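As the structure is a prediction and not an experimental result, all values here were calculated from the model.
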There are 2 protein chains.
Amino acid sequence: MVSLLDVARAAHVSKMTVSRVLNHPDQVSPEIIADVQQVIAELGYVQNRAGRALANNRHYNIAFILLDDINEIEPYYAHLLMHLTDELRHAGYTLEMRHDRNFDLTNVDGFLVSGARGSDFELLQSLTVPVVIYGTEPGIPSVDIDNKAGTQLATNALLDAGYARLIYLGIDMSEPFAINREVGYRDAMLTAGRTTEIYHLPNDEHAAQAFLADLNLCGNTGIVAATDRLGLGALRAGRSQGLTVPTDLGIVGFDGIYIHQLAELPLTTIQQPLATIAQHMVALLMKQLAGETVTSVYVVPELLHGATTA
Amino acid sequence: MVSLLDVARAAHVSKMTVSRVLNHPDQVSPEIIADVQQVIAELGYVQNRAGRALANNRHYNIAFILLDDINEIEPYYAHLLMHLTDELRHAGYTLEMRHDRNFDLTNVDGFLVSGARGSDFELLQSLTVPVVIYGTEPGIPSVDIDNKAGTQLATNALLDAGYARLIYLGIDMSEPFAINREVGYRDAMLTAGRTTEIYHLPNDEHAAQAFLADLNLCGNTGIVAATDRLGLGALRAGRSQGLTVPTDLGIVGFDGIYIHQLAELPLTTIQQPLATIAQHMVALLMKQLAGETVTSVYVVPELLHGATTA
DNA sequence: TTGTACGCGTTATCAT
DNA sequence: ATGATAACGCGTACAA
């Protein structure tokens with residue numbers, strides 16, 4: 001491997017001059033910068049991260065910790081990961097994948113965390129390196145979509161479409177996002193002077209389908225689903241009961257990365273803007289690495305119009 | 001951060017003794033090993049990878065390069081990634097995520113590659129560090145499922161079920177896996193003395209559904225689908241034509257990580273054994289790092305019985 | 001503006 | 001079986 005010294009010799013300067021060209025070009029004369037850069041290109045020199053890490057006490061490496069169970073990983077995590085990889089690379093950092101609770105900070109400059117639950121938060125809060133979580137937790141810098149605004153959007157879309165009955169299909173409320181999504185529906189309904197109708201199910205399309213089959217939907221009904229999985233189940237329940245979507249039955253899902261496209265009809269959904277989320281996550285991390293204090297960011301999602309709303 | 005020196009001082013030994021306890025415990029007396037390990041535990045010492053990298057000219061870091069387009073990433077890549085992360089960690093390595101064609105080998109000991117296409121292979125072959133690809137390419141150590149065996153399994157399952165007509169729904173043949181899957185169907189049909197019926201479509205459930213709607217399926221038909229997406233489309237086409245699955249129409253998909261579960265009926269499918277694949281990929285990489293030469297590995301997939309076959 | 005000396009944490013080598 | 005020393009590649013502090 002070609003080292004700084006190799007470049008220095010080839011360019012007839014000292015190591016430090018080459019180092020400065022890379023890190024403090026303002027301190028080097030223009031001609032030498034040009035020379036050195038040419039040699040760097042010719043030799044295909046790439047900085048050795050280990051040497052840099054040792055000298056700077058930085059590792060240029062961020063651990064992305066995906067704590068969700070491997071069998072419950074939703075497809076959109078792959079997208080979040082890709083975007084985070086891009087953003088970190090752009091910022092000069094590397095993304096190291098982890099999916100255990102190894103918060104060892106000897107070889108990383110910070111953590112990006114997804115899928116953290118109750119007991120993880122204390123741990124994260126006690127860390128001495130920057131942390132950004134995907135989700136919501138007071139006291140920890142985080143990026144999340146505004147889940148409440150999302151279901152408000154969904155609910156209002158169905159209200160505007162004029163459905164007589166407007167049901168919320170929710171999931172287990174142990175996670176903040178589930179609570180906020182339900183609150184969004186409640187608020188929108190309250191504001192519209194409408195009566196809420198809320199059910200909680202496991203996040204499973206078969207469960208939703210079975211549940212709605214028993215509920216006897218009778219047309220002119222809108223469903224705000226807490227997830228696309230539930231929305232998918234609602235779509236199937238409606239169709240198997242002979243309802244026409246979206247005329248008799250309107251559905252808005254939530255997440256919008258993969259499932260909504262696989263449905264029999266493309267689901268109208270509230271889409272997670274994962275590229276934007278990744279940008280904010282990395283930006284918050286970089287600010288912390290620069291010594292700034294940061295506050296959490298909430299991104300307002302958008303309604304992605306499919307075929308399950310008019 | 002606590003360093004080797006800190007441990008050495010606390011244990012009243014030299015740095016080298018601590019290093020040996022970690023790397024060559026056979027060269028250290030049992031009592032000292034015990035002492036040092038205790039101190040390591042007390043102080044929470046973790047090896048600094050940068051120091052190690054510099055001393056050993058190894059980085060203990062493997063780049064996983066996911067070359068597929070971000071919009072075409074199938075959900076099962078997330079699973080492969082998780083398993084690779086586990087396997088590498090178990091082998092003492094770190095997984096660095098990349099998804100560009102950055103094959104810079106200054107900071108990495110090897111590459112795991114998925115989604116490589118034509119021109120990538122020459123590049124990969126010219127690298128001086130170990131490479132293992134997920135897929136098939138002569139001259140490059142690789143791990144892949146035996147796609148041909150997979151569709152043979154699928155075809156035989158439908159032959160055994162006694163369907164009168166047995167169609168293959170294939171995709172664009174530009175990728176080796178697509179060719180092999182088709183060959184598996186052909187072979188199984190030939191062996192059974194049956195006539196083949198093959199169609200090529202884009203890998204899209206809507207396309208498959210539309211295509212089969214025109215084909216006028218008339219019952220007692222089996223479909224070997226090259227992917228679960230196509231299998232999903234076949235299922236929908238059959239149901240919308242009033243066929244009973246699996247009585248009138250039998251379907252076997254391929255991949256079996258996510259889509260097959262989301263279908264209206266759980267798809268019978270040929271499942272990618274991703275944990276096994278990850279194990280082999282990392283094993284092949286480690287062997288190369290140890291200086292051995294390796295040959296590619298093919299894993300025979302299994303039929304996962306769903307509700308679309310009897 | 002450019003160069004020299006030293007140290008970051010670790011391990012191989014050589015010495016004891 | 002254990003310790004001293006040098007070296008890996010880079011950047012900071014200081015010197016010129």
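Here Tyr60(A) does not reach the OP1 or OP2 of dG11(D): none of its side-chain N or O atoms lies under 4.0 Å away. The phosphate of dT10(C) (OP1 or OP2) has no side-chain N or O of Ser19(B) nearer than 4.0 angstrom. In this structure, Thr17(A) reaches the dG3(C) phosphate: one of its side-chain N or O atoms is under 4.0 Å from OP1 or OP2.
Considering only heavy atoms from C-beta on, Leu66(B) comes within 4.5 Å of Met97(B) through its side chain. Between Gln288(B) and Val132(B), some side-chain heavy-atom pair lies under the 4.5 Å cut-off. Residues Glu87(A) and Gln279(A) are in side-chain contact: their nearest non-hydrogen atoms beyond the backbone lie under 4.5 Å apart. With contacts defined as side-chain heavy-atom distances shorter than 4.5 Å, the pair Pro138(B)/Phe121(B) does not qualify. In this structure, the side chains of Asp144(B) and Asn180(B) stay at 4.5 Å or more apart for every pair of heavy atoms.
For residues 96-118 of chain A, the salt bridge (Lys or Arg N to Asp or Glu O under 4.0 Å) pairs, not counting sequence neighbours, are Glu96(A)-Arg98(A), Glu96(A)-Arg49(B), Asp100(A)-Arg89(B), Arg101(A)-Asp120(A). Annotation: salt bridge (Lys or Arg N to Asp or Glu O under 4.0 Å) contacts involving residues 9-35 of chain A, sequence neighbours excluded, are absent.
In this structure, the side-chain contact (heavy atoms from CB on, under 4.5 Å) partners of Leu54(A), at least two apart in sequence or on a different chain, are Asn48(B), Ala50(B), Leu54(B).
When the nearest nucleotides of DNA chain D are assigned to His12(B) and Leu5(A) by heavy-atom distance, the more 5′-ward of the two goes with His12(B).
The stretch residues 46-56 of chain A touches DNA chain C through Leu54(A), Ala55(A), each having a heavy atom within less than 4.0 Å of the strand. Contacts between residues 23-36 of chain B and DNA chain C, counted as heavy-atom distances below 4.0 Å, involve Asn23(B), His24(B).
Rounded to an integer number of Å, the gap from Asn57(A) CG to dG7(C) C1' is 12 Å. Rounded to a whole Å, the CG atom of Leu43(A) is 15 Å from the C1' atom of dG9(D). We find that CZ of Arg58(B) is positioned 11 Å from P of dA12(C), with the value rounded to whole Å. Rounded to an integer number of Å, the gap from Lys15(B) NZ to dA1(D) P is 22 Å. Atom-to-atom, CG of Leu4(A) to P of dA5(C) comes out at 17 Å; the value is rounded to the nearest Å. Atom CG in Leu22(A) sits about 12 Å away from atom P in dT12(D), given to the nearest Å.
Between dC10(D), dT5(D), dT2(D), one nucleotide has an atom nearer to the side chain of Arg20(B) than all others, and that is dT2(D). Residue Met16(B) places its side chain closer to dA12(C) than to any other of dA12(C), dG3(C), dA6(D).
Heavy atoms from other residues, nucleotides or ligands lying under 6.0 Å from CD of Glu302(B) number 12 at most. Counting heavy-atom neighbours within 6.0 Å of Gln38(B) CD, excluding the residue itself, gives a total of 12 or less.
Between Phe103(A) and Phe111(A), the angle of the ring planes goes over 60°, which puts this pair in the perpendicular group of the 30/60° scheme.
For Leu80(A) against Tyr134(A), the heavy-atom pair with the smallest separation is CD2-CD2, 3.6 Å.
Two end axes, each from the C1' atoms of five base pairs, can be drawn for the helix from dT1(C)-dA16(D) to dT16(C)-dA1(D); they diverge by 40°, to 10 degrees.
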